[in-house]
Amino acid sequence: MVSSTSGGGAAYDGGPRDRLRAWLLESDMAKRHPGPHAEPESAHRGHPWWRVMCLTGLDYFSTLGYQPGIAALAAGLLSPLATVVLVVVTLVGALPVYRRVAHESPHGQGSIAMLERLLTFWKGKVFVLTLLGFAATDFLITITLSAADATAHLVENPHLTTALRGHEVTITWILVGLLGAVFLKGFTEAIGIAVTLVATYLVLNAVVVAVGLWHVFTAPQVIPDWSRALVAERGSPLVMVGVALVIFPKLALGLSGFETGVAVMPHIEGKPGDTEERPTGRIQGTRKLLTTAALIMSVFLITSSFITTLLIPQREFRPGGHANGRALAYLAHEYLGSAFGSVYDASTIAILWFAGASAMAGLLNLMPRYLPRYGMAPHWARAVRPMVLVFTVIAFLVTWLFRANVDAQGGAYATGVLVLITSATIAVTIVARRARQHGWTVGFGVISVVFLYTTAVNIIERPDGVKIGACFIGGILAVSLLSRAARAFELRVTSVTFNPLAERFIRDTAHRRIRFIANKPDRRDLAEYRDKQHQIRADNDIPDEEDVMFVEVTVVDPSEFESELRVCGEVVHGRYRVLTMQSATIANALAALLLSVRDMTGQRPHIYFEWTEGNPLAHFLRFFLFGQGEVAPVTREVLREAEPDRSRRPHVHVG
């Protein structure tokens with residue numbers, strides 16, 4: 001067996017620099033990171049779906065802290081009707097899509113993994129990397145937007161406004177820094193805390209909404225005044241509906257949380273008969289989670305938009321106004337007093353802060369899930385602490401660029417959310433079509449069109465989101481390609497297995513010199529093997545009585561980085577022994593075979609190549625992209641990196 005390993009947890013006994021490196025690369029790897037999106041220790045353990053819903057709610061329900069204010073700023077007096085459109089799209093569009101995503105991706109990979117399965121080769125990898133860029137936008141802006149809104153609640157609190165106003169960026173940096181510090185120390189999953197926070201926050205919001213509705217319906221002039229102003233501003237009901245449909249993309253923040261909902265699936269307890277291949281109970285629990293969360297959020301979105309629009313003067317929603325980014329908190333202070341308002345502020349700040357924690361954990365589990373497997377991340381990207389530092393620095397930069405402004409970050413956040421939801425609608429449409437489910441195909445297709453329109457409008461009207469997303473995409477692609485190039489000469493084979501005939505070939509040659517001839521399979525006729533053997537013997541002065549074997553590698557998917565290698569033996573034309581393999585690259589597969597044969601037999605095998613004509617740079621690009629190119633020197637380089645001891649390294653001959 002041959003395996004490729006990478007370092008990451010070694011101890012260092014040197015000076016401060018080595019101790020710092022050891023601490024950063026401690027064996028607390030991202031794939032085992034116990035954050036809200038990490039997989040539980042056992043597939044048979046989990047939590048009731050309603051408790052996990054509170055974990056999702058850290059991200060989803062916390063948007064109530066700023067969504068009503070953003071809706072009022074975008075739609076004005078039409079905010080309640082525009083919010084109704086948002087709720088309809090949520091219940092009729094996003095909810096069915098993610099219920100299907102939960103069925104198709106029951107281990108929490110989400111729509112990105114679905115599209116990865118549907119798209120192959122480099123186009124699939126590039127597409128996934130692009131989606132990862134938007135996912136990074138979504139999660140990072142969740143951190144900075146939530147921290148900025150928590151800052152707004154602090155600054156606008158009557159007891160603190162004088163001391164804190166003007167220091168919004170610094171306060172937001174402190175909150176983001178504290179979040180990073182938690183993850184540097186080690187974030188322990190706390191669903192119990194999430195349940196307490198979400199339950200408290202929803203109860204407080206219910207009180208504010210109930211009091212707001214009571215004030216609306218007990219003040220006889222409020223609804224008529226709003227109705228007259230709305231008619232004077234928009235005209236007929238038909239125009240209002242049309243404008244609400246046009247405004248809807250600006251309210252897309254209210255759709256956040258669905259991708260997180262499927263990401264936490266592994267935490268949901270299943271039924272006794274569940275298996276990892278078909279966890280039926282987990283899927284049913286996730287669907288209950290998604291449906292219940294969407295219904296609760298829909299009620300709060302409509303009622304909060306209604307009361308904030310009718311009870312808060314429009315000028316207060318604008319930048320600098322007391323309701324900007326904190327509409328429900330404004331009502332809590334206005335109608336329930338400073339004490340209750342401060343309690344509401346504290347609850348909002350806590351849940352917004354934990355929303356950032358959920359997003360950070362999502363980043364730490366999402367990036368290592370894909371990039372190292374593609375060979376597109378440095379080794380240290382698997383460790384939590386270096387990645388926490390990277391994401392924290394980026395969050396500082398985003399906060400500074402947007403000046404900790406909630407409204408300014410809304411476009412970037414909405415873009416990330418909408419792109420992920422749109423990718424999910426496209427994925428389920430393709431899956432339904434392949435399953436020949438005509439009704440679902442048409443339904444999901446219509447939903448895809450709606451979200452494609454919504455995403456396009458949001459990008460056109462608020463290009464900040466796609467600019468930020470493009471920066472992340474460009475950064476991810478650049479780092480990924482550079483990392484892949486730097487790691488091109490790794491062994492990249494996780495294991496090597498031989499079928500019985502291949503084992504017999506190796507065993508029969510173990511008592512003499514083992515010679516392999518690397519052959520690129522073409523017609524595979526008798527002349528091909530006869531001429532190849534004659535050429536190699538002549539170029540390398542191999543006597544006719546010396547035994548040789550052919551080795552052939554077929555490249556299947558050159559975009560893959562690591563893979564298992566299965567070696568099959570066959571006798572061609574009744575006289576030539578051939579070992580055949582399938583791999584992402586020819587050179588790495590040959591190097592893995594040679595090392596495995598060495599370990600099996602105790603001998604250093606020899607392999608013989610012919611030089612390939614052409615430009616070396618062009619050959620390297622062919623190797624990098626298509627797994628082929630100038631095989632001989634690359635095979636030798638892979639062997640050199642995998643086996644530093646020259647006396648144990650297999651021989652490579654080129655004629």
For this session: Not counting sequence neighbours, list each pair that qualifies as a salt bridge (charged side-chain N to carboxylate O under 4.0 Å, His left out) and has a residue in residues 420-430.
Result: none
Seminar exercise, completed: Tightest non-hydrogen contact, residues Phe498 and Ser596, listed as CE1-OG, 3.4 Å
Exercise. Is Gln533 close to Val548 at the side-chain level, that is, under 4.5 Å between some pair of heavy atoms?
Worked result: yes
Exercise. How about Val97 and Ile447: do any of their side-chain heavy atoms sit closer than 4.5 Å?
Worked result: yes
Problem set entry | Residue pair Ile268 / Thr286: nearest heavy atoms and the distance that separates them | CD1-OG1, 3.2 Å
For this session: Walk me through it: do Val652 and Tyr608 pass the test side chain to side chain contact (heavy atoms under 4.5 Å, CB included)?
Result: CA-CA 6 Å; Val652 176; Tyr608 298 87; over 6 Å; no
For this session: Using atom types as modelled and distance alone, determine if a side-chain donor or acceptor of Thr429 lies under 3.5 Å from a backbone N or O of Phe444.
Result: yes
Seminar exercise, completed: Here the gap from Thr497 atom OG1 to Glu564 atom CD, rounded to the nearest 0.5 Å, amounts to 7.0 Å
For this session: State, with a plain yes or no, whether a side-chain heavy atom of Glu552 is found less than 4.5 Å away from one of Val578.
Result: yes
Exercise. Under the salt bridge (charged side-chain N to carboxylate O under 4.0 Å, His left out) rule, what pairs show up with a residue in residues 427-436, not counting sequence neighbours?
Worked result: none
Exercise. With the threshold set at 4.0 Å, does a side-chain nitrogen-carboxylate oxygen contact exist between Glu643 and Arg598?
Worked result: yes
Tell me which donor-acceptor pairs under 3.5 Å the side chains of residues 504-511 have, and how far apart each pair is, sequence neighbours excluded?
{"from": "Thr509", "atom 1": "OG1", "to": "Phe505", "atom 2": "O", "distance (Å)": "3.3"}
{"from": "Thr509", "atom 1": "OG1", "to": "Ile506", "atom 2": "O", "distance (Å)": "3.1"}
{"from": "His511", "atom 1": "ND1", "to": "Asp508", "atom 2": "O", "distance (Å)": "3.1"}

For this session: To the nearest 0.5 angstrom, please state how far the CG atom of Leu526 sits from the NE2 atom of His573.
Result: 5.5 Å
For this session: Taking the six-membered ring for Trp and the full ring for Phe, Tyr or His, determine whether the centres of Phe550 and Tyr529 are under 6.0 Å apart.
Result: yes
Seminar exercise, completed: The single option from Val417, Val419, Leu418 that satisfies side chain to side chain contact (heavy atoms under 4.5 Å, CB included) with Thr415 is Val419
Exercise. Has the side chain of Ser105 got a donor or acceptor atom that lies under 3.5 Å from a matching backbone atom of Val101?
Worked result: no
For this session: Rounded to the nearest 0.5 Å, what's the gap from CD1 on Ile536 to CG on Asp531? Could you check?
Result: 12.0 Å
Exercise. Any side-chain heavy-atom pair from Val572 and Arg524 closer than 4.5 angstrom?
Worked result: yes
Exercise. So which heavy atom on Leu420 is nearest to which on Asp138, and how close?
Worked result: CD1-OD2, 3.5 Å
Seminar exercise, completed: Residues passing the side chain to side chain contact (heavy atoms under 4.5 Å, CB included) test with Cys568, sequence neighbours excluded, are Asn499, Arg566, Thr580
Exercise. Any idea which heavy atoms bring Asp645 and Ser647 closest together, and the distance?
Worked result: OD1-OG, 2.7 Å
Problem set entry | Leu491 side chain near Asn588 side chain, heavy-atom distance below 4.5 Å | no
Exercise. Taking all non-hydrogen atoms of both residues, which atom of Val638 and which atom of Ala591 are closest, and how far apart?
Worked result: CG1-CB, 3.6 Å
Problem set entry | Euclidean distance, Phe609 CZ relative to Asn519 CG, rounded to 0.5 Å | 11.5 Å
For this session: Flag the pair Glu503 / Val567 as yes when at least one side-chain heavy-atom distance between them is below 4.5 Å, and no otherwise.
Result: no
Problem set entry | Beyond-backbone contact of Phe516 with Leu594, side-chain heavy atoms, under 4.5 angstrom | yes
Problem set entry | Spatial distance of atom OG1 (Thr425) from atom CZ (Arg100) [nearest 0.5 Å] | 13.0 Å
Exercise. Do any pairs count as a side chain to side chain donor-acceptor pair (under 3.5 Å) and have a residue in residues 535-545, sequence neighbours left out, and if so which ones?
Worked result: Gln535-Asp539
Exercise. Sequence neighbours excluded, which residues qualify as side chain to side chain contact (heavy atoms under 4.5 Å, CB included) partners of Arg646?
Worked result: Arg649
Exercise. With Thr422, which residues qualify under side-chain hydrogen bond (donor to acceptor under 3.5 Å, both in side chains), at least two apart?
Worked result: Thr455
Seminar exercise, completed: Across all chains, not counting sequence neighbours, the side-chain hydrogen bond (donor to acceptor under 3.5 Å, both in side chains) partners of Arg640 are Glu637
Exercise. Are the charged groups of Arg515 and Glu546 less than 4.0 angstrom apart, N to O?
Worked result: yes
Exercise. What residues form a ring-ring contact (aromatic ring centres under 6.0 Å, His included) with Phe134, not counting sequence neighbours?
Worked result: none
Problem set entry | Pair Lys532 + Glu528, salt bridge at N-O below 4.0 Å | no
Exercise. Is the shortest heavy-atom distance from the side chain of Met549 to the side chain of Tyr576 under 4.5 Å?
Worked result: no
Exercise. For Arg512, what residues pass the side-chain hydrogen bond (donor to acceptor under 3.5 Å, both in side chains) criterion, not counting sequence neighbours?
Worked result: Asp547
Exercise. Which atom pair, heavy atoms only, marks the closest approach of Ala518 to Leu590?
Worked result: CB-CD1, 4.4 Å
Problem set entry | Nearest-0.5 Å distance, OG1 of residue Thr441 to CD1 of residue Ile430 | 10.5 Å
Exercise. Residues two or more places apart in sequence or in another chain: which of them pass side chain to side chain contact (heavy atoms under 4.5 Å, CB included) with Arg287?
Worked result: Arg99, His103, Ile283
For this session: Output all residues satisfying side chain to side chain contact (heavy atoms under 4.5 Å, CB included) with His651, sequence neighbours left out; order by chain, then residue number.
Result: Arg604, His606, His653
